[in-house]
Amino acid sequence: MTTNQNKTKEEGKIVKTIQSKDGTTLAYDVFGNGPPLLFITGATCFRSFEPVLHDAKVFAEQFTVYNYDRRGRGDSGNVLPYKIERELEDIEAMIDVAGVAVNIYGHSSGAILGLEAAMHLGDKVNKLVMYDAPYANDEANQNEFKELSQGLYELLESGKDEEAIVSFLSGIDIPQEVITVFQQSPQWATMVALAPTLAYDTILANDLPPIKRVSHLTTPTKIIVGEKSPAPIHQVANQLNGAIPNAEYSMLAGQDHMPNPKVLMSVLSSFLK
């Protein structure tokens with residue numbers, strides 16, 4: 001793996017990059033001081049997306065935050081074909097940037113990746129925090145998600161990226177008023193450009209929680225769910241909490257799938273420090 005710096009065409013800013021094992025270029029930022037925290041984002045997110053950037057800056061008040069564009073997003077590359085294993089290699093490349101074992105905070109599908117990283121990368125992951133991991137909670141929910149995914153794939157194959165983004169956001173119960181705010185944002189074009197990566201997130205979230213595999217997890221793990229998050233998310237959190245040895249569980253009062261980072265910060269700090 002090699003590190004270098006490039007200028008983005010759009011902004012003319014210097015961007016830190018590292019090359020993953022398969023040659024994919026990953027763009028990242030580093031904020032703050034303190035214990036290292038790798039921030040793994042969910043679907044439709046990228047490192048300079050306003051909500052993501054705000055979260056990273058708040059976390060940076062107590063941690064050294066590594067905020068990166070997952071493959072196919074923002075300033076990162078996208079060597080194909082996609083496999084979950086490639087994203088785990090990306091995470092390992094980012095840990096190597098830190099140079100020490102890291103704490104991982106994974107949000108939504110990023111929580112699924114964080115869990116897989118903890119199971120595969122051993123002592124490179126110090127502690128794991130998962131927020132609203134979006135596995136299917138049962139077979140019925142899994143079948144519903146497969147139908148959503150099939151419609152999404154058809155839109156993507158037809159080049160209807162914007163419709164695909166809207167369909168996905170609606171399908172995971174993001175309120176229409178929030179979607180409208182996204183559409184009116186100058187960053188909407190960047191969100192639409194990463195629409196093909198929605199296929200990656202549906203692959204991640206298409207399974208039931210890996211109960212048998214996580215029963216052997218030794219990484220200290222904190223499971224967090226928003227009080228107002230969808231019921232299946234709560235059920236998944238309970239399943240994981242019952243399966244992961246010595247896991248800690250918290251429900252954030254008044255929070256939904258997009259939590260206030262200042263509220264989240266108190267839980268992160270007490271667990272990771």
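- Taken to the nearest 0.5 Å, the SG atom of Cys45 stands 10.5 Å off from the CD atom of Gln187.
- Put simply, the side chain of Thr17 never gets that close to the backbone of Leu26: no donor and acceptor are under 3.5 Å apart.
- A 4.5 Å side-chain heavy-atom check between Gln142 and Leu208 finds at least one atom pair inside the cut-off.
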Side chain to side chain contact (heavy atoms under 4.5 Å, CB included) between Glu227 and Leu252, worked out: CA-CA 6 Å; Glu227 180 186 18; Leu252 288 192; over 6 Å; no

Stepwise side chain to side chain contact (heavy atoms under 4.5 Å, CB included) test for Leu53 and Asp55: CA-CA 5 Å; Leu53 189 58; Asp55 287 357; over 6 Å; no

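- Shown here are the salt bridge (charged side-chain N to carboxylate O under 4.0 Å, His left out) partners of Asp22, two or more places apart in sequence or in another chain: Arg71.
- A 6.0 Å sphere centred on CG of Asn143 holds more than 12 heavy atoms belonging to other residues, nucleotides or ligands.
- For residues 112-143, the pairs satisfying ring-ring contact (aromatic ring centres under 6.0 Å, His included) are His107-Tyr131, with sequence neighbours left out.
- Asn126 pairs by the side-chain hydrogen bond (donor to acceptor under 3.5 Å, both in side chains) definition with Asn103, not counting sequence neighbours.
- Side chain of Ser270 to main chain of Ser266: a donor-acceptor pair is present (N/O by atom type, distance under 3.5 Å, no hydrogens or angles).
- Counting only heavy atoms from C-beta outward, the side chains of Leu38 and Ile40 approach each other to under 4.5 Å.
- Side-chain contact between Lys124 and Asp96 is present, with heavy atoms from C-beta onward closer than 4.5 Å.
- Hydrophobic clustering, with ILVMFWY side chains joined whenever heavy atoms are under 4.5 angstrom apart, keeps Leu128 apart from Val65.
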Step-by-step side chain to side chain contact (heavy atoms under 4.5 Å, CB included) determination, Tyr66 to Phe39: CA-CA 6 Å; Tyr66 294 83; Phe39 185 9; over 6 Å; no

Full working for side-chain hydrogen bond (donor to acceptor under 3.5 Å, both in side chains) between Asn33 and Thr64: CA-CA 4 Å; Asn33 292 288; Thr64 300; 4.9 Å; no

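- Taking the side chain as every heavy atom from C-beta outward, Arg86 and Glu89 approach each other to under 4.5 Å.
- Checked against the 6.0 Å centroid criterion, the rings of Phe49 and Phe182 qualify as a close aromatic pair.
- Screening residues 208-221 for side chain to side chain donor-acceptor pair (under 3.5 Å), with sequence neighbours left out, gives Glu116-Arg213.
- In this structure, Gly23 and Val79 approach most closely via the heavy-atom pair C-CG2, 4.1 Å.
- Taking both residues in full, the closest heavy atoms of Leu156 and Ala164 are given as CD2-CB, 3.7 Å, listed atom of the first, atom of the second, then distance.
- With sequence neighbours excluded, the residues that form a side chain to side chain contact (heavy atoms under 4.5 Å, CB included) with His54 are Val58, Pro261.
- Atom-to-atom distance recorded for Ser48:OG and Asn67:CG is 8.5 Å, nearest 0.5 angstrom.
- By the criterion of side-chain heavy atoms lying less than 4.5 angstrom apart, applied directly or through intervening Ile, Leu, Val, Met, Phe, Trp or Tyr residues, Phe46 is not grouped with Leu204; the two fall into different hydrophobic clusters.
- The side chain to side chain contact (heavy atoms under 4.5 Å, CB included) search around Asp29 returns Phe31, Arg47, not counting sequence neighbours.
- Identified under the side chain to side chain donor-acceptor pair (under 3.5 Å) test for residues 194-208, with sequence neighbours left out: Arg70-Asp201, Arg73-Asp201, Asn78-Tyr200, Ser109-Asp201, Tyr153-Thr202.
- In this structure the side chain of Phe63 never reaches within 4.5 angstrom of the side chain of Pro36, judged on heavy atoms.
- With sequence neighbours excluded, the residues satisfying side-chain hydrogen bond (donor to acceptor under 3.5 Å, both in side chains) with Ser269 are Gln62.
- Residue pairs meeting the side chain to side chain donor-acceptor pair (under 3.5 Å) criterion with at least one member in residues 157-168, sequence neighbours excluded: Glu162-Trp188.
- Nearest heavy-atom pair across Ser76 and Ala27 is OG-N, 2.9 Å.
- Here the straight-line distance linking atom OH of Tyr28 with atom CG of Asp90 works out to 13.5 Å at 0.5 Å rounding.
- The backbone N or O of Gln176 sits less than 3.5 Å from a side-chain atom of Thr180, completing a donor-acceptor pair.
- Here the shortest heavy-atom pairing between Ile18 and Ala93 reads CD1-O, 3.4 Å.
- By the 6.0 Å contact criterion, NZ on Lys83 is open, its count of non-hydrogen atoms from other residues, nucleotides or ligands being 12 or less.
- The side-chain hydrogen bond (donor to acceptor under 3.5 Å, both in side chains) check on Asn137 picks up Gln235, with sequence neighbours excluded.
- Atoms CD and NZ, on Glu139 and Lys146 in that order, are 8.5 Å from each other to the nearest 0.5 Å.
- Taking CG from Leu155 and CD from Gln150, the interatomic distance works out to 10.5 Å, rounded to the nearest 0.5 Å.
- The hydrophobic clustering, which links ILVMFWY residues whose side-chain heavy atoms are closer than 4.5 Å, places Leu88 and Ile95 together.
- Contact annotation: the side chain of Leu268 approaches that of Phe59 to within less than 4.5 Å [non-hydrogen atoms, C-beta and beyond].
- Taking every heavy atom of both residues into account, Ala243 and Ile211 meet most closely at CB-CG2, 3.7 Å.
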CA sep, side-chain torsions, deciding dist, call: Leu115, Leu217, side chain to side chain contact (heavy atoms under 4.5 Å, CB included): CA-CA 9 Å; Leu115 181 57; Leu217 183 65; 3.8 Å; yes

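- Looking at residues two or more places apart in sequence or on another chain, you find a side chain to side chain contact (heavy atoms under 4.5 Å, CB included) between Thr44 and Ile165, Phe168, Leu169, Met191, Leu194, Leu198.
- Taking hydrophobic clusters as Ile, Leu, Val, Met, Phe, Trp and Tyr residues chained together by side-chain heavy-atom distances below 4.5 Å, Ile223 does not share a cluster with Leu37.
- Inter-residue side-chain proximity for Pro134 and Ile233 is flagged as met; some heavy-atom pair is nearer than 4.5 Å.
- The side-chain heavy atoms of Tyr249 and Val225, taken from C-beta on, include a pair separated by under 4.5 Å.
- Residue pairs that meet the side chain to side chain donor-acceptor pair (under 3.5 Å) test with at least one member in residues 250-264, sequence neighbours left out, are Ser108-His257, Asp132-His257, Lys222-Ser250.
- Considering NE2 of His234 and CG of Asn241, their distance stands at 13.0 Å, rounded to 0.5 Å.
- Listed for the Thr25 side chain is no donor-acceptor partner under 3.5 Å among the backbone atoms of Gln19.
- By the rule that hydrophobic residues join a cluster once side-chain heavy atoms approach within less than 4.5 Å of another member, Val125 and Leu240 end up as members of one cluster.
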